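In this text the structure is predicted, and so the values were computed from the model without any measurement. Atoms within each ligand, like the ligands themselves, are counted from 1 in listed order. Any value given below was found using the heavy atoms of this structure, including those in side chains, with hydrogens, waters and symmetry copies removed.
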Amino acid sequence: MTDILAVIKARDPEQREFHQAVQEVIESVRPVLDRNPEYRRMAVLERITEPERVILFRVPWMDDQGQVRVNRGFRIEMNSAIGPYKGGLRFHPSVNLSILKFLAFEQVFKNALTTLAMGGGKGGSDFDPKGKSDNEVMRFCQSFMCELARHIGPDTDVPAGDIGVGAREIGYLFGMYKKLRNEFTGVLTGKSLGWGGSLIRPEATGYGSVYFASEMLGVKNDTLAGKTCLVSGSGNVAQFTVGKLIQMGAKPVTLSDSSGYIYDEAGINSEKLDFIKKLKNLRRGRIKEYADKYPGTVYTPVNPSSDCNPLWNHKADCAFPSATQNEINEKDAQNLVGNGVKVVCEGANMPSTPDAVNIFLERKILYAPGKASNAGGVAVSGLEMAQNSMRLSWPKEEVDNRLKFIMKSIHKTCLDAAAEYGTPGNYMAGANIAGFLKVVNAMLDQGLV
Ligand code: NDP
Ligand code: 2IT
């Protein structure tokens with residue numbers, strides 16, 4: 001099996017994030033392959049690690065000065081064994097094939113865990129929305145969709161948001177798709193409420209992550225009430241993680257962006273969270289302004305030469321990394337457990353490096369991998385697709401109850417699979433095994449396609 005990884009590495013040596021995501025799964029599913037030799041004969045690992053289709057295209061657009069710019073657009077259609085490709089679009093200068101393949105690969109397992117019929121995909125661009133005017137963002141989205149439209153559809157591939165893609169971008173993308181196809185369909189999720197969006201979709205990833213943490217604590221007869229929580233990021237996932245933590249009586253004390261982080265020992269309350277939402281979503285400002293507004297808060301800028309992130313070095317009970325991949329390294333993980341953190345619940349995708357994960361597993365803390373704990377976002381996207389198909393919309397309580405039910409079910413699925421394959425309590429192994437089995441068995445049912 002190490003051979004499969006060696007072949008993948010030799011084929012695309014520069015795709016480090018993709019190798020990282022694949023290696024974790026290969027190690028987790030070893031006992032599954034040992035129990036069922038047929039999987040090896042049918043080369044399921046070789047098949048599941050190769051995208052069904054990779055689309056790469058030029059995105060030309062004009063900036064406000066009349067200068068033409070060119071970015072790269074991507075869509076990775078990873079696996080459609082259990083449903084149409086489904087997964088977000090990321091607009092960030094770091095976007096490349098490695099990052100999108102790792103995200104698409106993780107999405108396949110995550111979507112399988114949600115109980116809904118969704119395959120896995122991911123896409124995006126190296127376009128940086130930061131500092132761009134609304135008109136520039138609109139022109140970029142329109143150009144991006146001019147090409148993407150021919151590859152997607154409500155029963156084929158249904159994109160959504162991710163880093164740098166929120167309600168504004170989804171609106172511009174949807175408008176262009178509708179104009180090109182002359183069809184009003186649920187081709188994207190994360191739409192605004194007035195034209196096909198689902199209640200609770202904006203909240204879903206953050207809320208779901210907190211529901212998952214609460215389930216994990218429940219196994220230990222504990223709750224989130226009174227727990228001090230470290231949260232990173234300050235975008236969609238981080239904001240609604242903080243919101244739900246406040247509702248559950250916990251005390252979130254940190255938030256960050258790519259420039260630095262704030263530590264508010266008194267706790268971020270609802271009023272302060274409203275300030276963050278306006279700052280980040282309307283003014284598109286920097287988190288530093290929080291410290292200017294609320295005295296007693298410490299702002300620490302990012303230090304690129306530091307070997308660790310001081311955000312993870314505060315006394316706390318729980319950590320919710322909700323910014324980006326590999327934001328917790330080995331040293332950060334040591335700091336977290338050294339400071340008494342007992343729960344690490346990933347809102348972001350692959351925020352912990354493999355060395356960091358090993359520390360969480362060795363120390364037997366409650367560690368939830370993103371593909372389980374952040375699945376609430378795509379799960380409610382699946383519910384948005386269901387509502388669009390019925391041309392109905394469910395009330396808030398109904399969607400929230402379904403989200404809670406799905407997060408509970410993912411939690412149980414992870415624990416059951418981990419116990420069945422000899423790693424009780426290991427949510428990472430459980431998530432990988434359960435997702436793998438669902439997708440691989442569907443692939444085998446459908447023959448060699
Ligand atoms: P947003 O764009 O809303 O927010 C991203 C936040 O993370 C910002 O605060 C951003 O800071 C920070 N960030 C992004 N890249 C970096 C970086 N390279 N270094 C440091 N900070 C960074 O994105 P989301 O909240 O939607 O996504 C956050 C994470 O959650 C991602 O890993 C995403 O894949 C994952 N996720 C999102 C889901 C969703 O439904 N939106 C669902 C499941 C997972 P800055 O503004 O300075 O860039
Ligand atoms: O990583 C993710 O699960 C997302 N960005 C959400 C994907 C979706 O289709 O809602």
Taking the six-membered ring for Trp, are the ring centroids of Y294 and F275 within less than 6.0 Å of each other? yes

CD (E106) and CZ (F18) are apart, to the nearest 0.5 Å, by 10.5 Å

Within 45 degrees of the ring normal and closer than 6.0 Å to the centroid, is that where the cationic atom of K244 sits relative to Y207? yes

For atom 11 (O) of ligand 1, the protein heavy atom that lies nearest, with its residue and separation: S258 N, 3.3 Å

Kindly identify the option in G235, A323, A379 whose heavy atom sits closest to atom 28 (C) of ligand 1. A323

Ion pair check, D128 and K132, cut-off under 4.0 Å: no

Minimum distance, heavy atoms only, to atom 42 (C) of ligand 1: which one of T205, D162, V378 is it? T205

Taking 4.0 Å as the limit for heavy-atom contacts, which would you say applies to E346 with ligand 1: side chain only, backbone only, both, or neither? neither

What class does the angle between the rings of Y263 and H314 fall in, given that below 30° is parallel, 30 to 60° is tilted and above 60° is perpendicular? parallel

Which protein heavy atom lies closest to atom 37 (C) of ligand 1, and at what distance to 0.1 Å? V237 CG2, 3.5 Å

Does K280 reach the side chain of R284, with side-chain heavy atoms less than 4.5 Å apart? no

Do any nitrogen or oxygen atoms of R286 lie less than 3.5 angstrom from nitrogen or oxygen atoms of ligand 1? yes

Heavy-atom distances under 4.0 Å decide this one: backbone, side chain, both or neither, for S322 against ligand 1? backbone

Using a strict 4.0 Å cut-off to heavy atoms of K86, name the atoms of ligand 2 that fall inside it. 8 (C), 9 (O)

Under 4.0 Å, counting heavy atoms only: does M118 come that close to any atom of ligand 2? no

Taking only non-hydrogen atoms of A160 and a 4.0 Å limit, the atoms of ligand 2 in range are 8 (C), 9 (O), 10 (O)

For atom 2 (O) of ligand 1, which candidate among P93, S232, G164, G161 provides the closest heavy atom? G164

Return a yes/no value for V158: is any of its N or O atoms, backbone included, closer than 3.5 angstrom to an N or O of ligand 2? no

Here the atoms of ligand 2 under 4.0 Å from any heavy atom belonging to G88 are 7 (C)

As an exercise, identify every atom of ligand 1 less than 4.0 angstrom from a heavy atom of R90. 31 (C), 32 (O), 33 (C), 34 (O)

Geometric class of the F144/F91 ring pair [parallel <30°, tilted 30-60°, perpendicular >60°]: perpendicular

Under 30°, 30 to 60°, or over 60°: which ring-plane class applies to H411 and Y427, parallel, tilted or perpendicular? tilted

If you measure from the Lys or Arg side-chain nitrogens to the Asp or Glu carboxylate oxygens, is any gap between R90 and D162 under 4.0 Å? yes

Is the shortest N/O to N/O distance between S259 and ligand 1 below 3.5 Å? no

Salt bridge or not for R69 and D63, using N-O below 4.0 Å? yes

Under a 4.0 angstrom heavy-atom cut-off, which atoms of ligand 1 come close to A348? 29 (C), 30 (O), 32 (O), 35 (C)

Does F102 have its ring centroid less than 6.0 Å away from the ring centroid of H19? no

I need the S232 OG to D257 CG distance, nearest 0.5 Å. 11.0 Å

Ligand 2 to K110, heavy atom cutoff 4.0 Å, flagged ligand atoms 1 (O), 2 (C), 3 (O)

Give the contacting part of A160 toward ligand 1: side chain, backbone, both or neither, where contact means a heavy-atom distance below 4.0 Å. neither

Mind checking whether M385 contacts ligand 2 via backbone (N, CA, C, O), side chain (CB onward), both or neither, at a 4.0 Å heavy-atom cut-off? neither

Closest protein heavy atom (residue, atom, distance) for atom 23 (O) of ligand 1: I163 CA, 3.5 Å

For S256, atoms of ligand 1 separated by under 4.0 Å from a heavy atom: 9 (O)

Quick one: look at E327 and ligand 1, take heavy-atom pairs under 4.0 Å, and tell me if it's side chain, backbone, both or neither. neither

So, for F184 and F174, is the gap between ring centers shorter than 6.0 Å? yes

For K110 and ligand 1, does the shortest N/O to N/O distance drop below 3.5 Å? no

Heavy-atom contacts under 4.0 Å between D257 and ligand 1: side chain, backbone, both, or neither? both

Proximal atoms of ligand 2 relative to K122 (non-hydrogen, under 4.0 Å): 1 (O), 2 (C), 4 (C), 5 (N)

For ligand 2, which atoms, with element, lie under 4.0 Å from some heavy atom of S381? 8 (C), 9 (O), 10 (O)

Short list, please: which atoms of ligand 1 are under 4.0 Å from a heavy atom of H92? 15 (N)

With the threshold set at under 4.0 angstrom, would you say G161 reaches ligand 2 through any of its heavy atoms? yes

N326, D128, N236, N374: member with heavy atom nearest to atom 41 (N) of ligand 1: N236

Is R402 paired with E397 through a side-chain N to carboxylate O contact shorter than 4.0 Å? no

State the atoms of ligand 1, each with its element, that fall below the 4.0 Å cut-off from a heavy-atom position in K130. 45 (P), 46 (O), 47 (O), 48 (O)

Nearest non-hydrogen protein atom, atom 17 (C) of ligand 1: T324 CG2, 3.5 Å

Quick test: of every protein heavy atom, which one is nearest to atom 9 (O) of ligand 1, and how far off is it to 0.1 Å? S234 N, 3.0 Å

Electrostatic pair E183-K178, nearest N-O below 4.0 angstrom: no

